Each structure stands twice: as C-alpha cells, then as structure tokens.
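What follows is one structure encoded as structure tokens, with my remarks underneath.
Order of the sequence lines sets the chain letters (A, B, ...), proteins ahead of strands, with each chain counted from 1. Owing to the predicted nature of the structure, the values given are computational and were not obtained by experimental measurement.
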4 protein chains.
Amino acid sequence: MAIRYHTATFENIPPEKRERILRAASRVLGRDGIGGARMADVASEAGVSHGSMFSYFPTKDDMVRAVIARGMDIQAVRFAASDDEGACFADAVRAVFRSAWDEASAEPELISLWLSLSLAENARFADAILPLESDSTERWRRVVARGKASGEIDGGVDERAAAYLLDALAAQLMKSRASGLERAKLELFVGSGLAESAPDRMADAVVAMLSSSDSSN
Amino acid sequence: MAIRYHTATFENIPPEKRERILRAASRVLGRDGIGGARMADVASEAGVSHGSMFSYFPTKDDMVRAVIARGMDIQAVRFAASDDEGACFADAVRAVFRSAWDEASAEPELISLWLSLSLAENARFADAILPLESDSTERWRRVVARGKASGEIDGGVDERAAAYLLDALAAQLMKSRASGLERAKLELFVGSGLAESAPDRMADAVVAMLSSSDSSN
Amino acid sequence: MAIRYHTATFENIPPEKRERILRAASRVLGRDGIGGARMADVASEAGVSHGSMFSYFPTKDDMVRAVIARGMDIQAVRFAASDDEGACFADAVRAVFRSAWDEASAEPELISLWLSLSLAENARFADAILPLESDSTERWRRVVARGKASGEIDGGVDERAAAYLLDALAAQLMKSRASGLERAKLELFVGSGLAESAPDRMADAVVAMLSSSDSSN
Amino acid sequence: MAIRYHTATFENIPPEKRERILRAASRVLGRDGIGGARMADVASEAGVSHGSMFSYFPTKDDMVRAVIARGMDIQAVRFAASDDEGACFADAVRAVFRSAWDEASAEPELISLWLSLSLAENARFADAILPLESDSTERWRRVVARGKASGEIDGGVDERAAAYLLDALAAQLMKSRASGLERAKLELFVGSGLAESAPDRMADAVVAMLSSSDSSN
DNA sequence: TATGAATGAGATTTCATTCAT
DNA sequence: AATGAATGAAATCTCATTCAT
C-alpha cells in the first residue's frame with residue numbers, strides 16, 4: 001500500500017543510520033528549500049558519502065518524498081495521540097494546538113518543508129502530502145462536531161468554517177516556529193516575550209469565541 | 001526613503017515596459033520560486049533580451065526585491081481602500097477578506113512569492129517584507145478595536161488573539177488561491193464548488209463568533 | 001605615414017576632449033589591463049557617452065593602439081629632450097634615468113600599459129610598440145658610443161652589453177613607479193625611504209662601474 | 001605554514017595528473033594572461049573535464065595561486081642550486097644568469113605569468129609572489145657581498161646598486177625568453193643570432209664592469 | 001554627432017548523477 | 001555496500017558592439 005521511495009539498499013542498512021539520514025535530509029531540505037538543498041550537504045550532515053545517497057534514493061526527488069513520508073508518520077502519531085474521544089472540546093483544541101507548537105519547536109525544518117509544499121514550485125509533491133491534509137481536515141471536523149454535540153460550541157456556529165479556522169490557526173502557530181518572519185509577526189500581535197504561551201492563549205480565545213455560554217457569563 | 005533596487009536604466013524605459021517586466025518577474029518567481037526562477041525565463045516572458053535584465057537590476061536578488069516592493073505597493077493600496085473609518089466591523093472584515101481573495105485571484109503568483117518569503121531559505125528577503133506584515137498587524141488591531149468600541153465584538157474577547165486569528169484567516173484564504181494544494185484543502189472543508197463564496201462565508205462566520213448578541217438571538 | 005586608429009569623428013572634436021579621452025583610456029588600460037579595461041569605464045571617466053567611444057574608435061583594440069601611439073609620442077619627446085649631444089656620458093645617463101623616473105611617476109598607468117605589451121597575451125600590439133623599443137636601443141648605443149669616445153667608459157667594456165644593461169636598468173626603475181610589487185622590491189634593495197633618490201644613485205653607480213678611472217683611485 | 005589553494009580532491013588524484021593540470025594551467029595563464037585565461041581551456045589542455053577544474057580549485061583565482069606557488073617552488077630549487085658557497089663571484093653570476101635563461105627557455109609561460117604579477121591589474125596576487133622577490137633580493141646581496149669580500153668586486157662599488165642591477169639584468173634576460181617583443185629588443189642590442197649566448201656574455205660583461213683588476217690588465 | 005538602451009556570445013561556477021575501485 | 005572523483009548541462013552575470021532616436 002505504502003509507496004516506497006527508497007531503494008532496497010536503504011532497507012538493509014541499520015535503522016539508526018536510516019534515521020540519521022532522513023533527519024539530516026529533513027534538516028537540509030527545511031533549511032535550504034527543496035530546490036536549494038544539495039545532496040552533498042545531506043550526505044555530509046548524515047556522515048555518509050555523497051555517492052551513497054544515490055544508492056539509497058534513486059533521485060533527489062525520491063529522497064524528498066521519503067522525507068515527506070517520514071514527516072507524515074510523525075504527524076499521524078501526534079494527531080492520534082491527541083485524538084482522545086473522551087476529552088471535552090476545549091481540551092482537544094488545547095491539546096492539538098500545544099502539540100502542534102511543540103512539534104514545530106522540536107523540528108522546525110520539517111515544518112518549513114511542509115510549508116514549502118504549498119508553493120507552486122513544489123506542486124509535484126502535492127500528491128505526497130494531500131493525505132495528511134485530508135486527515136487533518138477530517139479530524140478537525142470531528143472535533144468541532146463533538147463540541148457542537150456536547151453544547152460547548154454555540155448552535156449557530158458554522159461548523160465547516162469553524163473547522164477551517166481552527167486548522168488555519170494551528171498552521172499559523174506552527175509557521176511561527178519555523179520562520180523568523182512569522183515569529184516576528186506573532187510577536188507583533190501578542191507582544192514580545194509572550195510568544196511561548198501563544199498556543200494556550202489562542203486555544204482559550206478561540207474556544208471562548210465559539211461558545212455561547214461564555215458571553216452570557 | 002524608498003530604497004530602489006533597479007538601475008537608472010530601468011527608470012528610463014517606458015512605464016508600460018517596466019510594468020510588463022515586473023509582472024513577468026512576479027509570474028515567474030511565483031511559479032518557479034525564488035531559487036528556481038531563471039532570469040532567462042523572466043526575460044523571454046517579458047519579451048526582452050536576457051542581457052537587458054541585468055541592465056535593469058544589478059543582480060537577480062535585486063530583481064526579487066523590486067518585485068516584492070511592487071507587491072507591497074499593491075497590498076498597501078488594497079488595505080487603504082478597505083480602511084473605511086465609517087464602516088461597521090462586519091463590513092470591514094468582509095471588505096478585507098473579499099479584497100484579499102480577489103487580489104489573490106488576480107495575481108496568485110504574487111501570493112505564492114509572498115508565502116515563500118516565510119521560508120528559511122528566503123530569510124534574506126525578510127527585511128523587505130516585514131513593513132508589510134507590521135502594517136497588516138496594525139490595521140487588524142484597529143479594526144478589532146473599532147468593533148469592540150461599537151459593541152459588535154463581545155466584551156470578553158481577547159483583542160490580540162482576535163486580530164491574530166483574522167490575519168491568519170485572511171492569509172489562509174489567499175493561500176487557497178495561490179496553491180493547488182491549499183485550494184484542495186479549502187474544498188475539503190467547505191465542499192467543492194463553494195470555494196468562490198468562501199471569503200464571505202468565512203467573514204460572516206467569524207463575525208458571528210466574535211459577537212455576543214449573535215448567540216443570544 | 002603614421003597609421004591612425006581613430007575615426008574621422010575623433011579628429012573633429014575639440015583637442016581638449018580628445019586629450020581627455022586618451023588620458024582616461026590610458027588610465028583605465030593601465031589600471032585594469034588591456035583585457036580587463038571596460039569601454040564603459042573609459043567613457044565615464046572621460047565624461048562622454050558609452051556609445052560615443054565607438055564613434056571615435058572602431059573597436060576597443062583600435063582605442064588601445066591610439067593610446068599606445070600617444071604614449072610613444074610622449075616618450076619620444078622625453079628622449080629627444082635628453083638627447084643633448086653636448087652632454088657628457090655621466091650627465092646623459094643621469095638625465096635619462098631621471099626623466100624616465102619622473103615620467104613614470106607622472107603617468108604610472110602609461111608605464112603599466114607599456115609593461116603589459118611585453119606579455120604574450122598582448123602580442124598583437126607588439127608591432128605598435130616596436131618602433132619605440134628600436135629607437136630606445138639606438139639612443140642608448142649612441143650614448144654609450146659617445147662615452148667610449150670621450151674616455152668616460154673604460155676601453156674594455158662591451159658596448160652592446162653596456163647599452164643593454166642601461167636600458168634594462170631604466171626599465172626597471174620605471175617599473176618601480178608603476179607597480180606596487182616592484183616598488184616593494186626596489187625598497188628591499190635600496191632601503192625604504194631612499195627610493196626617491198634611486199634614479200640618481202643608480203646612474204652614479206653604473207657610471208662608476210663603467211669608468212676605468214674609478215678603479216685606479 | 002604553506003597555504004594550500006587546492007581542494008582535498010586535488011591531493012587525492014595521481015601526482016602525474018596533478019602535475020599535468022598545473023602545467024596546463026601555467027601554460028594557459030602565461031599565454032592568455034590571468035584575466036584572459038579560460039578555465040575551459042586549461043581543462044581541455046590538461047585532458048580533464050571543465051567541471052573537474054572546480055573540484056580541484058575552489059575558484060579560478062585559487063588555481064592561479066596554486067600555479068604561482070608551484071612556480072616559486074621551481075624558482076627556489078633553481079636559486080638553491082646556484083647558491084654554491086665555494087664558487088667565485090664570476091661563476092656565481094654566470095650560474096644564476098645561465099639557469100635563469102634556461103629555466104625561462106623551458107617554461108616561458110611561467111615567466112610570462114610572473115611578469116604579469118607586476119601589473120596593477122593583478123595586484124591582488126602580489127602577496128603570493130613577494131616572498132620570492134624578497135628571497136631573490138637577499139641572494140643577490142649575498143653574492144655581491146662575497147664578491148666584495150674576495151676582492152673580485154672593486155671596493156668603490158655601491159653594493160646595493162650592484163645587487164639591484166644584477167637582479168634587473170637577470171629579469172630582463174628572462175623576459176627575453178618569454179616575450180617576442182623582448183626577444184626582438186635583445187636582438188637589437190646584441191645582434192640577431194647571438195641571443196643564445198646572451199646570458200654568458202652579459203655575465204662576463206657585468207663581472208668585468210664590477211671588477212677593478214679587469215680594466216688595468 | 002551624441003546618447004544610452006539593447007543584444008547575445010561567452011565566462012565562471014554549481015550540482016545531480018554516474019561509475020570505477 | 002561504500003566511496004569520492006568525474007562529468008556536463010545549466011544558471012548568473014559581463015561587456016563589446018549596434019542602432020534608434
């Protein structure tokens with residue numbers, strides 16, 4: 001089912017080395033962009049020879065796809081972890097925002113890479129990332145639906161719009177960790193020094209906006 | 001005050017030609033990315049010789065900055081147009097979302113270029129775009145402040161968070177016009193075919209979320 | 001008789017302008033080398049338009065030849081001035097060394113250009129400068145012959161070798177004015193700070209070496 | 001201590017290939033000048049691909065410096081060989097003039113390159129060659145000092161001037177091998193056909209000029 | 001005659017990919 | 001399987017020369 005972009009050779013090397021290579025690739029791709037990343041840099045950051053890279057991945061594009069696939073696996077784990085059926089709406093939003101923030105802090109280059117996949121220049125990789133977006137959409141809609149059902153979200157709220165908004169907000173928060181410019185922008189909004197608490201604050205604020213009871217209290 | 005990135009020669013050619021070159025550059029940069037764009041492509045799309053490009057801009061990076069500067073001028077005009085002091089909060093949000101959408105539809109490559117400026121690989125251009133982000137922040141905060149003052153926004157709403165959210169939403173809508181992937185994502189949320197009405201729908205939804213009276217009716 | 005490398009147009013412009021252009025060309029050619037000199041630089045240093053240069057000289061090489069021709073005229077004037085039949089050998093050597101030094105100090109770029117004509121890369125201009133070298137040879141031989149005749153030069157001295165030596169020494173002194181490296185080398189030999197008196201000192205020393213009376217004292 | 005201008009790759013290839021590349025570079029640099037030499041020409045003369053050149057030297061300037069460094073090594077060997085403490089002054093001068101002449105005959109392009117380093121346009125390489133000039137100065141001064149001590153040089157001779165003169169003469173002889181123009185000039189002085197014996201003749205002549213006994217016999 | 005915009009051939013430099021060892 | 005030297009297509013940038021105004 002899962003398409004593999006690497007060679008058989010790549011499967012025969014120690015898992016630790018595989019991981020090292022994919023992390024190096026992720027780092028370089030995020031830092032220098034897909035077009036700007038150099039195979040030689042990935043090789044030297046991973047501590048393998050330049051030539052070996054092409055025995056692991058047929059082409060540079062294949063390496064990119066392998067990195068994207070790894071990023072999706074990580075993302076899936078994160079979402080699954082925060083997909084607690086029992087949690088209330090407010091907690092679910094908080095949990096996702098927080099884990100989005102933390103993950104983006106831990107591997108900002110992966111976020112940078114993910115952001116670059118929305119660009120026209122990288123459209124040929126869109127198919128590789130679409131399942132992730134689709135999954136993300138579905139999950140936000142379920143979260144909102146549960147909120148509506150539990151009465152935490154006001155009855156008049158447009159569910160689809162709310163899900164879109166929550167997704168946009170989460171994406172924007174992640175962007176703030178991956179990009180100096182977006183970090184500056186966040187600080188312009190929330191004030192410098194408060195950025196660290198941004199995910200919680202944003203979660204609280206958006207939950208309040210969506211709930212009816214909040215305004216009546 | 002305004003830094004110029006082009007040469008004197010560029011100022012001496014007919015305005016119509018200048019505009020043609022900047023639009024071609026914007027198109028190619030948006031389509032192929034800053035790193036991937038080739039000066040020769042810009043030249044041929046603009047109908048000038050390869051060598052001429054370097055008599056207009058000292059380097060490729062200068063051309064990129066000139067295109068960014070032009071994009072900022074356009075943005076500024078847009079924002080100014082929607083900065084009607086007399087309009088109510090709901091109308092202001094609608095107007096900005098709509099003009100963001102329309103502008104992104106008219107020149108999606110410019111949006112693509114703008115998005116790419118958030119990437120680490122293009123950090124050297126961040127200084128060129130920061131004034132725009134700063135301006136955008138300020139305007140959203142004023143819009144929200146007016147909404148609060150007029151009572152259209154519920155008293156309990158976190159103003160800074162609301163401004164951030166509105167900005168993120170506008171950015172996300174523009175992204176949907178520039179990127180096939182983001183367009184697909186929008187359709188996943190609002191349903192295919194309804195994308196065209198997305199800016200109004202999102203504006204209405206977010207205005208409703210922010211208002212207290214809405215939930216009590 | 002004299003070949004002209006410039007156009008008729010060049011002869012129709014004011015002499016002052018002609019001189020300005022040739023001096024600018026000489027300066028740029030000396031500073032940047034024949035290959036490295038840019039017509040646009042010559043034009044801007046001379047205060048004329050880039051395009052005009054090609055209405056004065058059909059090609060860059062023609063401009064180079066015109067500058068060489070001017071340099072030869074200057075050189076000829078200098079040599080003629082020091083070609084005083086009545087002077088004794090010692091005075092003649094002193095006079096030529098001194099005027100070589102002063103001229104090189106006044107227009108080091110012209111010397112730089114002259115030096116570059118000895119390089120293989122500029123062999124195509126050798127014919128333009130050969131008459132000057134030939135003239136120089138002839139004059140040194142006459143100076144030495146007069147010295148021999150007057151008894152100032154020892155009878156056993158190889159006249160041709162002496163003339164060659166004097167020429168080489170004069171050339172070396174001029175080089176010291178045109179080149180930072182050669183200036184450093186001169187200072188290594190004579191000590192820093194004494195470079196200014198070098199032409200006289202060298203003249204005195206070489207005259208002494210060539211004279212027999214010196215050894216008997 | 002010794003600065004290397006080449007890459008690690010260059011050190012890993014067979015010595016024979018290294019030498020072939022440096023000689024080709026020397027040949028092309030001498031023939032076409034530093035500015036005029038094309039990397040592609042060096043590559044094809046050395047029988048390697050164009051791209052390989054840049055895996056040996058980071059830039060063209062680095063290649064130039066590598067060639068200069070090799071030239072200096074050769075030069076140093078030559079001087080060392082003629083630095084026989086036991087030889088009399090006359091033999092030392094003869095030996096250096098002769099080896100300068102022979103070396104210039106063997107690799108005239110290297111001499112051409114060396115000459116071009118005195119030009120303003122190549123001033124950025126002056127630091128690379130200064131140690132050689134400095135060494136040369138020192139050696140000539142020692143040769144003259146020994147001649148004075150042994151009585152072969154007349155007591156009244158200006159030692160520094162004599163050393164400078166010997167150096168200038170040696171340089172001029174080398175120039176005659178590297179440049180067609182300078183060869184023509186030498187023939188004007190000593191007569192055509194006699195050029196081959198020039199170094200010995202000049203050595204004898206200058207030794208005679210510097211010695212007192214010679215004129216009295 | 002003067003101007004300066006336009007041209008395009010050509011130079012250096014980069015880097016994915018190949019392949020002999 | 002691993003290495004790293006070799007390759008050559010392609011990109012940016014330069015500049016002598018042309019030519020319309």
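- Between the side chain of B:Thr9 and the backbone N or O of B:Tyr56, no donor-acceptor pair lies under 3.5 Å.
- Donor-acceptor pairing under 3.5 Å is recorded for the side chains of C:Ser52 and C:Ser49.
- Residue D:Ala43 is classed as having no contact, given no heavy-atom separation below 4.0 Å to the nucleic acid.
- You'll find that the side chain of B:Ile13 is closest to E:dA5, out of E:dA5, F:dA6, F:dA5.
- Of the candidates F:dT7, E:dA2, F:dA2, F:dT7 carries the atom nearest the D:Val48 side chain, counting heavy atoms from C-beta on.
- Regarding A:Asp41, its CG atom lies at a distance of 9 Å from the P atom of E:dA16, rounded to whole Å.
- In this structure, B:Phe10 has its ring center closer than 6.0 angstrom to the ring center of B:Phe57.
- Using a 3.5 Å distance cut-off with no hydrogens or angles, the side chains of B:Asp62 and B:Thr59 do pair a donor with an acceptor.
- Checked against F:dA5, F:dT12, E:dG4, the side chain of C:Ser49 finds its nearest nucleotide in E:dG4.
- Within 6.0 Å of CZ in C:Arg18 there are more than 12 heavy atoms belonging to other residues, nucleotides or ligands.
- The side chain of B:Thr9 places an N or O atom within less than 4.0 Å of a non-bridging phosphate oxygen (OP1 or OP2) of E:dA5.
- For E:dA5, neither phosphate oxygen OP1 nor OP2 lies less than 4.0 angstrom from any side-chain nitrogen or oxygen of B:Tyr56.
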Under 3.5 Å, which protein N or O atoms sit close to an N or O of nucleotides 17-21 of chain E? Give each pair with its distance.
unit_1: E:dT17; atom_1: OP2; unit_2: A:Lys60; atom_2: N; d: 2.9

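- Among the protein residues, D:Ala8 comes within range of no part of the nucleic acid, since none of its heavy atoms lies under 4.0 Å from any strand.
- With a 6.0 Å radius and a threshold of 12 heavy atoms from other residues, nucleotides or ligands, A:Arg70 has its CZ atom above the threshold.
- Distances shown here put every side-chain N or O of C:Lys17 at or beyond 4.0 Å from the OP1 or OP2 atom of E:dT1.
- Mapped onto DNA chain E by nearest heavy atom, C:Gly47 and A:Gly35 fall at different nucleotides, with C:Gly47 at the one closer to the 5' end.
- Phosphate proximity of E:dT7 to B:Ser52: present, with a side-chain N or O under 4.0 Å from OP1 or OP2.
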